[in-house]
Amino acid sequence: MFNKLKSLISRPDVSPVDPVSDPTLAPDRPFFAIGDVHGCADRLDEVLRQIDAERARPDMQDAAVVFMGDLVDRGPDSAKVLRQVRAMQQAAPDDVLCLTGNHEVMMLDFIDDPLGRGLRWLTFGGQETLSSFGIKPTSGKADAEDIMEVADQLEELLDQGQDTGLVGWIRDQPFLWQTGNIACVHAGLDPDLPLGEQREKTFAWGHRDFRHRMRDDGLWVVHGHTITRQPACEQGRIAVDTGAYKGGRLTAAAISTGACRFLQG
């Protein structure tokens, strides 16, 4: 199933991982949840090499790969990361998923409304993403015409050459993926609401009570968005954003029935 995927990544050197056992983890299928990449293509390559090696384990055969959002911004290689992840999904559309994070939301807002709600993107990592596509960055304090021109350039570049259809692909990615009693979202959930009543804004930006109160329905939540020094699997939450763009590691959680292990690149 993953032969096409393997052609996109190198053969691995296996890094040791420390397992976390919890009998309440019950996915319908095993999966790897990759934390916030933020344009760090070299760290992504290392994590993908480790994932390729992990597929030899009996509990991770036929595992899905879930990107937890925030592929773009802040790091140097957002364009490369977007191209690589789209290629992976096109090669195995049933097995590679990419969630929408708040940085994808801001990027699309900049394209759709550069002088309004999208303007903040330029101060939250958007300039690095523009540079990765060969566009001269601009400031949020620039003339309105300059900002509009940059937004138009970005939209055009995301629909030509090797990037044809890329902006549409970004728009099509979901905010939520669920398997068994595990929900994957970029930022978090409202602990007082069932999954079906959550807002997309909460999936992308989080909720003030998410990290402070456990859910009472047995649902585990895998998330990125909030940087932690070490990944964690505890109290119904699995945190996988370890600050790759700030000099930290890029983390992937390998999750199967009753077990969670962390890979880091």
Side-chain angles (χ1 to χ4, degrees), residues 4-5 7-9 34 36-45 48 65-140 142-177 185-187 200-201 203-205 224 244-245:
K4 292 182 180 179
L5 274 182
S7 67
L8 298 172
I9 57 181
I34 300 176
D36 304 31
V37 180
H38 277 306
C40 296
D42 55 345
R43 296 190 182 279
L44 176 58
D45 286 342
L48 290 176
V65 174
V66 184
F67 289 88
M68 299 301 297
D70 281 8
L71 296 177
V72 300
D73 300 347
R74 293 179 167 158
D77 298 315
S78 290
K80 181 178 179 180
V81 168
L82 283 171
R83 292 163 184 154
Q84 182 175 11
V85 174
R86 180 172 68 161
M88 289 178 62
Q89 191 175 72
Q90 289 174 338
D94 295 329
D95 304 302
V96 178
L97 301 104
C98 183
L99 302 181
T100 298
N102 61 305
H103 281 263
E104 283 79 33
V105 170
M106 287 190 289
M107 182 181 181
L108 294 173
D109 283 347
F110 180 72
I111 290 172
D112 296 337
D113 186 16
L115 298 179
R117 68 184 187 276
L119 193 61
R120 62 183 171 177
W121 183 62
L122 295 174
T123 59
F124 281 89
Q127 297 200 37
E128 291 87 344
T129 296
L130 291 170
S131 293
S132 75
F133 280 100
I135 300 172
K136 183 178 179 181
T138 188
S139 164
D143 291 341
E145 277 191 29
D146 291 339
I147 295 171
M148 291 287 292
E149 182 178 348
V150 168
D152 289 343
Q153 282 184 296
L154 179 62
E155 185 172 22
E156 289 173 9
L157 278 174
L158 291 176
D159 198 25
Q160 59 183 250
Q162 64 179 318
D163 295 325
T164 298
L166 191 54
V167 68
W169 177 80
I170 297 169
R171 291 186 192 279
D172 287 343
Q173 302 314 304
F175 286 87
L176 165 71
W177 183 70
V185 296
H186 172 65
E200 287 185 350
K201 182 178 180 181
F203 294 149
W205 291 92
Y245 81 94

Inset, instruction - Check whether any side-chain heavy atom of D42 sits under 4.5 Å from a side-chain heavy atom of C40, and report yes or no. - result: yes
Inset, instruction - Supply the atom-to-atom distance L48 CG to I34 CD1, rounded to the nearest 0.5 angstrom. - result: 5.0 Å
Inset, instruction - Looking only at non-hydrogen atoms, find the nearest pair between G101 and A204 and report the distance. - result: C-CB, 4.3 Å
Inset, instruction - Please round to the nearest 0.5 Å and tell me the distance separating atom CD of Q173 and atom CZ of F67. - result: 11.0 Å
Inset, instruction - For the residue pair L154 and F133, establish whether any side-chain heavy-atom pair is separated by less than 4.5 Å. - result: yes
Inset, instruction - Check whether any side-chain N or O of S131 sits under 3.5 Å from a backbone N or O of Q127 as a donor-acceptor pair, and report yes or no. - result: yes
Inset, instruction - List the steps and the verdict of side chain to side chain contact (heavy atoms under 4.5 Å, CB included) for Q153 and L130. - result: CA-CA 9 Å; Q153 282 184 296; L130 291 170; over 6 Å; no
Legend entry - 4.5 Å side-chain heavy-atom contact, L99 and E104: no
Inset, instruction - Output every pair passing salt bridge (Lys or Arg N to Asp or Glu O under 4.0 Å) with a member in residues 142-171, not counting sequence neighbours, ordered by first then second residue. - result: R83-D163, D112-R171
Legend entry - Backbone of F124 reached by a side-chain donor or acceptor of H103 within 3.5 Å: yes
Legend entry - Straight-line distance of D73 CG to Y245 OH, nearest 0.5 Å: 10.0 Å
Legend entry - S132 (side chain) donor-acceptor with A79 (main chain) under 3.5 angstrom: yes
Inset, instruction - May I have the step-by-step check of side chain to side chain contact (heavy atoms under 4.5 Å, CB included) for V150 and K136, ending in yes or no? - result: CA-CA 8 Å; V150 168; K136 183 178 179 181; over 6 Å; no
Legend entry - Student check: side-chain heavy atoms of V72 and V81 closer than 4.5 Å: no
Inset, instruction - With the side chain counted from C-beta on, respond yes when L158 and I111 share a heavy-atom pair under 4.5 Å apart, and no when they do not. - result: yes
Inset, instruction - Calculate, to the nearest 0.5 Å, the distance between atoms CG and CD belonging to L166 and Q160 respectively. - result: 11.5 Å
Legend entry - Spacing of L108 atom CG and W121 atom CH2 [to the nearest 0.5 Å]: 9.5 Å
Inset, instruction - Give the minimum heavy-atom separation between V185 and M68, together with the two atoms involved. - result: O-CE, 3.1 Å
Inset, instruction - For a side chain to side chain contact (heavy atoms under 4.5 Å, CB included) with F110, tell me which candidate from L115, V105, L122 qualifies. - result: L122
Legend entry - Approximate separation, where rounding is to 0.5 Å, of L82 CG and T129 OG1: 7.5 Å
Inset, instruction - Examine distances only and state if a side-chain atom of E128 and a backbone atom of G75 form a donor-acceptor pair shorter than 3.5 Å. - result: no
Legend entry - Side-chain donor-acceptor contact under 3.5 Å, W169 with Q89: yes
Inset, instruction - Measure the shortest side-chain to side-chain distance between L44 and D77 over non-hydrogen atoms and say whether it is less than 4.5 angstrom. - result: no
Inset, instruction - Grab the two heavy atoms, one from P114 and one from M148, that are nearest each other, plus how far apart they are. - result: CG-SD, 3.4 Å
Inset, instruction - Heavy atoms only: give me the nearest R43-A244 pair and the separation to one decimal. - result: NE-O, 3.7 Å
